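Quantities reported herein were computed from a predicted structural model and do not represent experimental measurements. Excluded from the calculations below are hydrogen atoms, water molecules and symmetry mates; all remaining heavy atoms, backbone and side chain alike, are included.
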Amino acid sequence: MGELAEALTGDPFTFHNPYLFQTKGQMCRHPAMRRLADYIPTTFSCDGYPVQARRRPQCGSCTSCLLRRVSLQVAGLSAYDPSNHYVCDLLAPGAKASEKQLQPLKAMEWQFRKLGQKLHAASSWQSMVTEFPELQSVASELGARAEGGERQVRHSVLQLYRRYAVEWERFSARERLGVRAQAA
């Protein structure tokens, strides 16, 4: 993107992303989020936005809604995210969910389990790259520009996935699948 911006403007352009190796949950724990928490209901993450079913702008069951909910939950900000903004509130006790609405949750649970297997392997990087080959391209590309090179990028990527797995493991909606969430 930096090269494209340079080509368009004729000026040097560099992106700096200080949150590149942070989970969404970590970003939601930033002190600024606490100060801006009252605005959380005005934001959305839904893949199908605007859903607007029964005046609820988000579906609540797509992977983007689930990632939003797990991130706010691990950051202690769930109270600012009204349940009535979701067509299907997988966090509400006793709320009904169809098999179709549970499919993204099941897919994310499968991903969590697959990541766990790979991250606990003797050679976790090689195991991850065997399963997700695009990670090697990411590490090579970022490593060419990053301080510490590709080795540091690999370490940072593995740490990112480990933190994500811990956050997912604590997500209360997993109970819908008969899985008990770990205590925070």
Side-chain angles (χ1 to χ4, degrees), residues 19-121 124 127-128 131-135 138 157-184:
Y19 305 105
L20 181 61
F21 296 112
Q22 289 190 11
T23 66
K24 193 172 183 177
Q26 285 179 290
M27 289 185 280
C28 286
R29 284 191 295 269
H30 190 281
M33 280 298 295
R34 189 73 51 200
R35 292 190 303 272
L36 298 171
D38 288 334
Y39 296 100
I40 290 172
T42 66
T43 67
F44 66 91
S45 302
C46 188
D47 290 342
Y49 182 83
V51 175
Q52 297 298 330
R54 297 173 282 187
R55 299 189 182 267
R56 295 176 182 194
Q58 301 187 80
C59 74
S61 59
C62 71
T63 56
S64 294
C65 282
L66 292 172
L67 184 57
R68 170 194 178 94
R69 304 296 299 275
V70 70
S71 300
L72 292 172
Q73 191 174 72
V74 300
L77 297 170
S78 292
Y80 296 93
D81 192 32
S83 295
N84 65 358
H85 281 212
Y86 298 97
V87 172
C88 176
D89 183 5
L90 294 175
L91 301 185
K96 303 287 184 215
S98 69
E99 186 60 33
K100 182 178 178 180
Q101 289 168 320
L102 289 175
Q103 282 306 312
L105 181 65
K106 289 178 179 180
M108 290 180 81
E109 182 68 16
W110 175 88
Q111 177 191 59
F112 161 74
R113 293 184 183 283
K114 180 64 77 171
L115 286 172
Q117 291 170 354
K118 302 303 175 186
L119 290 169
H120 290 97
S124 53
S127 186
M128 287 286 284
E131 184 72 29
F132 309 105
E134 58 279 0
L135 285 178
V138 169
V157 167
L158 290 173
Q159 289 303 102
L160 171 70
Y161 280 115
R162 286 183 180 109
R163 286 189 303 270
Y164 168 74
V166 168
E167 291 176 2
W168 182 260
E169 192 170 35
R170 295 176 178 165
F171 188 36
S172 63
R174 295 176 66 228
E175 293 174 5
R176 297 273 181 173
L177 304 175
V179 178
R180 182 176 287 283
Q182 296 292 318

Inter-residue atom distance Leu77.CG - Ile40.CD1, 0.5 Å rounding: 4.5 Å
Candidate pair Lys118 and Tyr161, rule side-chain contact (heavy atoms from CB on, under 4.5 Å), full reasoning: CA-CA 10 Å; Lys118 302 303 175 186; Tyr161 280 115; over 6 Å; no
Pairs flagged by side chain to side chain donor-acceptor pair (under 3.5 Å) wherever residues 100-112 is involved - sequence neighbours left out: Ser98-Gln101, Glu99-Gln103, Glu99-Lys106, Glu109-Arg113, Glu109-Trp168, Glu109-Arg174, Gln111-Tyr164
side-chain contact (heavy atoms from CB on, under 4.5 Å) involving Ala165 - partner list, sequence neighbours excluded: Phe112
For the student: nearest non-hydrogen atoms of Phe21 and Val157, plus distance: CE2-CG2, 3.7 Å
Minimum heavy-atom distance between Cys28 and Ser71, given as atom pair plus value: CB-O, 3.9 Å
Heavy-atom pair of closest approach, residues Gln58 and Cys46: OE1-N, 3.3 Å
Exercise: do Arg29 and Gln26 side chains pair donor with acceptor under 3.5 Å: no
Spatial distance of atom CD (Glu167) from atom OG1 (Thr23) [nearest 0.5 Å]: 3.0 Å
Point-to-point distance, once rounded to the nearest 0.5 Å, from OG of Ser127 to CG of Leu115: 10.0 Å
Test item: Gln73 and Leu91 side chains (from C-beta on) under 4.5 Å apart, heavy atoms: yes
Interatomic distance, Arg163 atom CZ to Leu158 atom CG [nearest 0.5 angstrom]: 10.5 Å
Verdict with reasoning, Tyr80 to Met33, per side-chain contact (heavy atoms from CB on, under 4.5 Å): CA-CA 11 Å; Tyr80 296 93; Met33 280 298 295; over 6 Å; no
Full working for side-chain contact (heavy atoms from CB on, under 4.5 Å) between Met108 and Val70: CA-CA 11 Å; Met108 290 180 81; Val70 70; 5.8 Å; no
Heavy-atom pair with the smallest gap, counting every atom of Cys65 and Tyr86: SG-CE2, 4.3 Å
Donor-acceptor under 3.5 Å (Arg176 side chain, Leu102 main chain): no
Minimum heavy-atom distance Ser61-Leu66, with the two atoms named: O-CD1, 3.6 Å
Verdict with reasoning, Asp89 to Arg69, per side-chain contact (heavy atoms from CB on, under 4.5 Å): CA-CA 10 Å; Asp89 183 5; Arg69 304 296 299 275; 3.0 Å; yes
NZ on Lys24 to OG on Ser45, rounded to 0.5 Å: 3.5 Å
Nearest-0.5 Å distance that lies between atom CZ in Arg35 and atom NE2 in His30: 7.5 Å
